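Model, not experiment: these values are computed from the prediction. Every heavy atom of this structure was used, including side-chain atoms; hydrogens, water molecules and symmetry mates were not.
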Amino acid sequence: MEGEVIDFIKLKLGYIVLDTSESFDLIGTDGLDAETFFNDFERHFNVNMTSFEFDRYFSKEDPFHKLLRNKFKFFGKQKHFSIKHLIEVVERSEWFDPV
């Protein structure tokens with residue numbers, strides 16, 4: 001499953017994963033691009049994403065949300081996850097918050 005998720009990330013985002021412990025934030029995807037990726041991810045891997053709170057991980061496109069996201073990251077309120085976590089989500093067929 002690991003290889004499939006890594007290939008999917010490369011195909012959809014053009015990012016080459018070298019270490020699955022990397023934070024997804026390193027990819028630099030946000031806003032509409034992130035939203036599109038996770039819609040495609042849900043369909044491609046048949047994952048239940050109903051408990052995924054997009055706004056806790058990514059900002060919207062407008063500058064106001066980007067500013068808030070930077071503030072949340074500074075104060076530790078923005079959530080993060082690794083590539084390995086995405087692999088585990090696919091294996092469970094359901095989103096769960098990282099520990």
Please list every donor-acceptor pair under 3.5 Å in which a side-chain atom of residues 83-96 meets a protein atom from a residue at least two apart or in another chain.
| from | atom 1 | to | atom 2 | distance (Å) |
| --- | --- | --- | --- | --- |
| H85 | NE2 | F96 | O | 2.7 |
| W95 | NE1 | D97 | OD1 | 3.2 |

Side chain to side chain contact (heavy atoms under 4.5 Å, CB included) partners of L11, counting only residues at least two apart: none
Using every non-hydrogen atom in the two residues, find where Y57 and P98 come nearest and quote the distance to one decimal. OH-CD, 3.3 Å
Evaluate the criterion ring-ring contact (aromatic ring centres under 6.0 Å, His included) for residue pair F52 and F38; output intermediate values, then yes/no. CA-CA 10 Å; F52 180 65; F38 279 96; 4.8 Å; yes
As an exercise, state the distance from CD of E4 to CD1 of I9, rounded to the nearest 0.5 Å. 12.0 Å
Mind checking side chain to side chain contact (heavy atoms under 4.5 Å, CB included) for D19 and listing every partner two or more places apart, or none if nothing turns up? S21, E22
Salt bridge (charged side-chain N to carboxylate O under 4.0 Å, His left out) partners of K12, counting only residues at least two apart: D40
As an exercise, state the distance from OG1 of T29 to CG of L13, rounded to the nearest 0.5 Å. 4.0 Å
Quick one: hydrophobic cluster around L18, which other residues, with the 4.5 Å side-chain cut-off, linked directly or via members? I16
In chain order, what residues pass the ring pair (Phe, Tyr, Trp, His ring centres under 6.0 Å) check against F8, with sequence neighbours excluded? F37, H44, F45
